[in-house]
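Below: the structure, in structure tokens.
Values reported hereafter were calculated over all heavy atoms of this structure, with side chains retained and with hydrogens, waters and symmetry mates removed. Residue numbers start at 1 and run along the sequence shown.
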Amino acid sequence: MTATAPGRTDRHYLMCEPVHYTVSYEINPWMDKTRFTDAELAVRQWRTLRDTYLDLGHTVETIDPIPGLPDMVYAANGATMVDGIVYSARFRYAERAPEGPAYQKWFADRGYVTHTAAQVNEGEGDLLTVGNLILAGTGFRTERAAHAEAQELFGRPVVSLELMDPHYYHLDTALAVLSSTPSDPQIAYYPPAFSQGSQAVLRQLFPDAVIATERDAQALGLNAVSDGANVVVAPGAVDLADALRERGYTPIPVDTSELLKGGGGAKCCTLEIRPETRTDVRPA
């Protein structure tokens with residue numbers, strides 16, 4: 001039996017306007033510092049993405065961009081928040097290292113409980129909440145030791161997944177959470193991005209998952225944002241959009257092509273703020 005869209009829930013997002021956006025270094029295969037980047041176009045595309053969330057009835061907050069941190073627009077990498085607890089990012093590359101403390105301070109200044117990471121991790125880029133699980137990517141950025149750290153912090157099972165293709169260097173470039181409802185969690189993913197063992201794990205956990213095509217993956221279509229009914233997706237992910245419609249989701253194409261030059265799409269720009277929903281989870 002094929003799973004269908006379970007229904008929309010209100011979401012709360014944190015974003016960062018790309019006023020300082022450029023590609024001035026290369027830390028993933030999408031980046032080419034010799035290629036022109038248009039910061040004004042990036043801002044316009046980002047504002048369209050933000051306004052799409054607002055039009056859908058979601059809450060969007062923003063963090064002030066910091067000069068010299070062009071990748072700060074990729075807010076999802078800045079932290080992971082589950083059950084009201086914030087696990088700070090600790091970036092692998094020095095160019096992005098200051099982003100972790102900046103995002104952690106934003107949360108702390110607003111009264112959220114934060115935990116300073118001891119292990120290298122890149123936030124929701126590699127830690128995705130799906131039902132009662134956390135799917136955790138490794139292989140390029142986030143270390144396996146961070147998976148154990150997150151499990152102890154959040155008190156949820158963490159499933160490690162090995163990424164094999166440097167174009168899909170974060171989990172959220174190869175896998176999208178469509179529904180995080182515990183009774184009916186649903187995902188879409190691109191199998192060739194994962195090791196054989198991780199593909200087997202995903203098949204066991206999500207036998208009804210949407211399987212993305214190579215065309216979807218190359219458009220960074222899996223870097224998508226779902227509220228359980230509507231899925232904000234790259235316009236080039238046409239196969240994925242068709243598959244989502246078949247499952248009862250409404251795909252909403254939003255062009256983030258300028259931000260793709262840095263290796264990010266809608267999800268990279270969107271950090272979800274998840275309030276406390278359990279009483280048995282406390283920070284370490």
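To the nearest 0.5 Å, atom OG1 of residue Thr116 and atom CD of residue Gln104 are 3.5 Å apart. Here Asp208 contributes atom CG and Leu178 contributes atom CG; the two are 12.0 Å apart, rounded to the nearest 0.5 Å. Rounding to the nearest 0.5 Å gives a distance of 10.0 Å between CG of Asn132 and OG of Ser180. Distance CD/Glu152 to NE2/His147: 14.5 Å, rounded to 0.5 Å. If you take CG on Leu220 and SG on Cys268, they are separated by 6.5 Å, rounding to the nearest 0.5 Å. Note that CD1 of Ile187 is 9.5 Å distant from CG of Leu128, once rounded to the nearest 0.5 Å.
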Q | side-chain hydrogen bond (donor to acceptor under 3.5 Å, both in side chains) between Thr62 and Glu17, intermediate numbers included | A | CA-CA 7 Å; Thr62 58; Glu17 190 168 16; over 6 Å; no

Q: Tell me, with the steps shown, if Val210 and Arg247 meet side chain to side chain contact (heavy atoms under 4.5 Å, CB included).
A: CA-CA 9 Å; Val210 174; Arg247 302 293 184 97; 3.8 Å; yes

Q: Decide yes or no on side chain to side chain contact (heavy atoms under 4.5 Å, CB included) for Ser88 and Tyr103, but give the supporting numbers first.
A: CA-CA 8 Å; Ser88 76; Tyr103 276 94; over 6 Å; no

Q.
side chain to side chain contact (heavy atoms under 4.5 Å, CB included), that's the test. Do Thr173 and His167 meet it? Break it down for me.
A. CA-CA 8 Å; Thr173 64; His167 286 88; over 6 Å; no

Q: Begin with the C-alpha distance, continue with both residues' side-chain angles, and end with the deciding distance and a verdict on side chain to side chain contact (heavy atoms under 4.5 Å, CB included) for Asn77 and Arg96.
A: CA-CA 10 Å; Asn77 304 157; Arg96 299 197 66 182; 2.8 Å; yes

Q. Do Lys267 and Glu272 pass the salt bridge (charged side-chain N to carboxylate O under 4.0 Å, His left out) test, and can you show the C-alpha distance, the side-chain angles, and the key distance before you say yes or no?
A. CA-CA 9 Å; Lys267 175 55 191 167; Glu272 186 162 353; 5.4 Å; no

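Using modelled atom types and a 3.5 Å distance limit, the side chains of Thr181 and Ser179 yield a donor-acceptor pair. Neither side chain, Thr37 nor Arg35, offers a donor N or O lying under 3.5 Å from an acceptor on the other. A donor and an acceptor atom, one from each side chain of His12 and Glu61, are located under 3.5 Å apart. For the 3.5 Å distance criterion, the side chains of Asn230 and Arg8 fail to qualify, holding no donor opposite an acceptor.
For CE of Met31, the number of neighbouring non-hydrogen atoms (other residues, nucleotides, ligands) closer than 6.0 Å is greater than 12. A 6.0 Å sphere centred on CD of Glu40 holds no more than 12 heavy atoms belonging to other residues, nucleotides or ligands.
The shortest distance between side-chain heavy atoms of Val225 and Leu49 does not fall below 4.5 Å. Taking the side chain as every heavy atom from C-beta outward, Met164 and Phe194 never approach each other to under 4.5 Å. Looking at Ile211 and Pro191, their side chains come closer than 4.5 Å, going by heavy atoms from C-beta outward. Between Glu143 and Asn121 the shortest side-chain heavy-atom distance does not fall below 4.5 Å. Put simply, the side chain of Asp255 does not reach to within 4.5 Å of the side chain of Thr48, judged on heavy atoms. The shortest distance between side-chain heavy atoms of Tyr25 and Ile27 falls below 4.5 Å. With a 4.5 Å cut-off on side-chain heavy atoms, Leu135 and Leu171 count as touching. Within the 4.5 Å cutoff, no side-chain heavy atoms of Met81 are placed close to those of Leu271.
In terms of hydrophobic clustering, with Ile, Leu, Val, Met, Phe, Trp and Tyr side chains grouped at heavy-atom distances under 4.5 Å, Phe206 and Leu240 are assigned to a common cluster. Placement of Ile252 and Trp46 within a single hydrophobic cluster is found when ILVMFWY residues are connected by side-chain heavy-atom separations under 4.5 Å, directly or transitively. Linking ILVMFWY residues whenever their side-chain heavy atoms come closer than 4.5 Å, directly or via other members, places Leu161 and Leu205 in the same cluster. A continuous path of ILVMFWY side-chain contacts below 4.5 Å connects Leu202 to Val159, so both sit in one hydrophobic cluster. Under the 4.5 Å side-chain heavy-atom criterion for Ile, Leu, Val, Met, Phe, Trp and Tyr, Val73 and Leu14 are members of distinct hydrophobic clusters.
When all heavy atoms are compared, the tightest approach of Tyr74 to Gly262 is OH-CA, 3.2 Å. The two residues Glu149 and Ala118 make their nearest non-hydrogen contact at OE2-N, 2.9 Å. Nearest heavy atom pair, residue Gln151 against residue Val158, reads OE1-N, 3.0 Å. A pairwise comparison of heavy atoms in Ala3 and Asp184 identifies CB-OD1, 4.4 Å as the closest pair. Residues Thr270 and Glu124 share a closest heavy-atom pair of O-OE1, 3.7 Å. The minimum heavy-atom distance between Ala76 and Asp172, with the atom names listed, is CB-OD2, 4.3 Å.
Note on Asp227 versus Arg11: no salt bridge recorded, every NZ/NE/NH1/NH2 to OD/OE distance being 4.0 Å or above. Between Asp83 and Arg156 there is a salt bridge, since a side-chain N of the basic residue sits under 4.0 Å from a carboxylate O of the acidic one. Between Glu122 and Arg141 there is a salt bridge, with a side-chain nitrogen of the basic residue lying less than 4.0 Å from a carboxylate oxygen of the acidic one.
Residue Arg50 forms a side-chain contact (heavy atoms from CB on, under 4.5 Å) with just one option from Met15, His58, Gln45, and that option is Met15.
Partners of Tyr53 by ring-ring contact (aromatic ring centres under 6.0 Å, His included), not counting sequence neighbours, listed by chain and number: Tyr13.
Residues Tyr169 and Phe140 keep their aromatic ring centres 6.0 Å or farther apart.
Ring geometry for His115 versus Tyr87: interplanar angle of 30 to 60°, hence tilted.
Among pairs with a residue in residues 211-221, those fulfilling side-chain hydrogen bond (donor to acceptor under 3.5 Å, both in side chains) read Thr213-Asp216, Thr213-Asp239, Glu214-Gln218, Arg215-Asp239, at least two apart in sequence or across chains.
For Ser195 (side chain) and Ser198 (main-chain N/O), a donor-acceptor pair under 3.5 Å exists by modelled atom type.
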